[in-house]
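Remarks on the structure that follows.
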Amino acid sequence: MIKTRFAPSPTGNLHIGGARTALFNYLYAKHVGGVFVLRIEDTDIERSKDEYTRDILEGLTWLGMQWDEGPHFQKERMDIYREHAMRLLNEGKAYKCYCSAEMLEEKRRVALKEGRKPNYDRTCRNLKEDRKDQPFVIRFKSPVDGEVSFEDRIRGKITFKCEELDDLVILRTDNTPTYNFTVVIDDALMGITSIIRGDDHINNTPRQILIYEALNYRMPEFAHVPLIHGKDKGRLSKRHGATSLLEYRNDGFLPEALMNYLARLGWAYGDQEVFAKQDLIEKFDLKNVGKSPSIFDMDKLLWLNGHYLKTLPEVEVATRLESFLENRGIKVTDRAKLIPVVINLRDRAKTLKEMAEMAAFFFTDDFPYDENAKNKFLTASTKPILERFLNEFASLSKFDENEQRRIFETMAQDGGKKLVEVIQPIRVALCGRTVSPGIFEVVSILGRESVTKRIQKAIALIA
RNA sequence: GUCCCCAUCGUCUAGCCUGGCCUAGGACAUCGGCCUUUCAAGCCGGCAACGGGGGUUCGAAUCCCCCUGGGGACGCCA
């Protein structure tokens with residue numbers, strides 16, 4: 001049974017990079033019929049915050065990655081880690097180190113400055129006496145020579161010389177365990193078989209392998225996925241926009257689009273661009289994951305989002321649009337309007353937020369006029385057009401497109417104008433702006449009463 | 001500084017493992033055109049890449065080496 005996990009630390013929001021790592025774990029697990037575990041790595045008491053945990057859980061849920069197990073919290077497992085540390089200590093595979101953090105920091109600084117590698121010099125490794133009253137950390141005894149290598153599912157064989165590795169701290173002065181230690185214990189105890197994570201962890205892998213061996217636990221397979229970079233090629237950060245996945249939700253992105261986009265970032269399946277979730281589960285595989293870092297491209301995400309806006313069932317989009325309208329303070333009293341509005345706007349909007357902005361005027365007669373549009377199209381010279389339209393419209397017996405078209409064409413002909421010249425003033429009167437769905441559609445959706453009211457209001461505005 | 005990783009259009013990528021089908025394919029963006037009541041959407045077309053140098057081979061984007069460039073890691077953070 002394949003088991004994967006996503007193990008974020010709640011020291012920040014769930015960002016794009018984390019979400020992608022989670023997605024690869026999720027997809028791989030689902031692809032092979034395995035289990036996807038969620039674990040919160042909150043051993044850093046200082047920086048961990050509940051609000052971040054909430055953000056992570058909500059983000060994963062929104063994207064549609066339901067975990068099968070967890071969330072486990074490391075905070076609740078401290079005793080387990082301590083027992084393991086004691087076990088290694090008793091077996092002579094770890095030792096107490098009394099060096100002060102300040103002193104080590106100074107040594108590191110000097111080493112770096114002199115161009116040496118800033119590794120711990122193992123001062124306390126062979127200490128015989130037990131200094132009972134002095135604070136200490138527990139360090140793992142790393143082999144002095146030899147090498148460690150592993151077969152990465154994405155990159156192939158990776159080898160490190162042991163001399164590059166130093167004796168890492170596994171238990172701090174305050175009796176709390178460190179990352180490289182807890183991660184091994186948890187992954188082993190939780191039966192994780194496949195560790196898929198960012199390639200910033202490649203360097204940690206040999207240390208972790210050594211700990212697996214010391215603890216005599218079964219070794220999982222590793223797959224290191226490249227990081228996502230910003231436009232400037234640097235690591236993705238706040239500077240590049242959204243810091244939380246949930247901001248994308250609030251900006252009107254669809255989880256379907258984001259999942260699709262994230263999956264295609266660093267992974268491909270021939271020339272296919274559009275993948276529904278089930279499709280991803282069927283086709284995703286580690287062997288198609290690329291090795292080089294990719295750059296987050298908002299334009300492509302927008303395109304995909306637009307695509308899903310156009311292809312998802314109308315009712316589905318309508319429901320989501322309604323909450324975005326509410327966010328703008330618009331109560332949808334006439335639900336029946338929602339569907340035709342979506343049908344007319346889905347080709348024009350890239351996001352739900354944008355769609356809500358474009359849809360607002362459909363739901364209230366009390367909408368604002370775009371200043372430029374008003375100045376240009378609601379003037380003394382266009383007033384006759386509005387008045388004539390009002391009359392013709394009132395005498396309209398049927399309400400279909402042909403009848404409407406006849407009015408506009410007659411008006412254009414009589415006035416020696418182009419169709420667009422008579423339509424634009426009407427459009428501004430009805431929508432408050434020069435950009436909208438087709439004028440016939442607008443009229444039909446608004447209905448007789450509302451159209452009349454809006455035209456009258458516009459005429460009054462001019463007078 | 002040391003170690004590790006990476007390298008195809010501006011971007012995401014296919015092709016690389018198992019050399020010839022590659023005059024390097026698709027998508028986004030961009031530019032032109034068509035359609036048209038505005039704006040989109042849609043359709044058609046254009047521009048655009050194998051980082052450099054050595055090998056190996058009849059033949060290299062594909063295999064090997066070096067260089068360069070980029071990224072990551074070197075914590076009592078995760």
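Below, chain A is the first sequence line, B the second, and so on; all start at residue 1.
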Short side-chain N/O contact from [X] to OP1 or OP2 of [N], under 4.0 Å:
X	N	value
A:Thr434	B:C39	no
A:Arg108	B:G75	yes
A:Thr178	B:G75	no
A:Lys117	B:A73	no

Under 3.5 Å, is there an N or O donor on one side and an acceptor on the other linking the side chain of [X] and the base of [N]?
X	N	value
A:Arg348	B:C39	yes
A:Gln272	B:G26	no
A:Lys291	B:A7	no
A:Asp271	B:G25	yes

_Among B:G1, B:C76, B:G72, which nucleotide has an atom closest to any side-chain atom of A:Leu112?_
B:G1

*asked:* Taking the ring centre of each residue, are A:Tyr28 and A:Phe36 less than 6.0 Å apart?
replied: no

Once you apply a heavy-atom cut-off of 4.0 Å, does [X] come out as touching a base, just sugar-phosphate, or nothing?
X	value
A:Glu41	sugar-phosphate
A:Cys99	base
A:Val169	sugar-phosphate
A:Thr11	nothing
A:Phe440	base

*For A:Ser436 and for A:Asn288, find the nucleotide of RNA chain B with the closest heavy atom, then tell me which residue's nucleotide is more 5'.*
A:Asn288

*Which sits closer to the 5' end of RNA chain B, A:Leu419 or A:Asn204, going by the nucleotide each is nearest to?*
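In this pair, the answer is A:Leu419.
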
Assess the side chains of [X] and [Y]: does a donor N or O sit below 3.5 Å from an acceptor N or O?
X	Y	answer
A:Asp297	A:Tyr261	no
A:Tyr269	A:Asp279	no
A:Arg388	A:Thr410	no

*Are A:Arg406 and A:Glu403 close enough for a salt bridge, meaning some N to O gap below 4.0 Å?*
yes

*asked:* Salt bridge or not between A:Arg207 and A:Asp166? Use side-chain N to carboxylate O under 4.0 Å.
replied: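 Salt bridge between A:Arg207 and A:Asp166, a charged N being under 4.0 Å from a carboxylate O: yes.
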
Whole angstroms only, please: what is the [atom1]-[atom2] distance between [X] and [N]?
X	N	atom1	atom2	value
A:Asp299	B:C28	CG	P	11 Å
A:Glu273	B:G25	CD	C1'	12 Å
A:Ile158	B:C4	CD1	C1'	7 Å
A:Asp152	B:C17	CG	P	20 Å
A:Leu171	B:C76	CG	P	13 Å
A:Asp166	B:C74	CG	P	11 Å
A:Tyr261	B:U13	OH	P	8 Å
A:Glu147	B:C3	CD	P	14 Å

*Between B:G42 and B:C4, how far apart are the C1' atoms? Round to whole Å, please.*
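Per the computed distance, 49 Å lies between those C1' atoms.
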
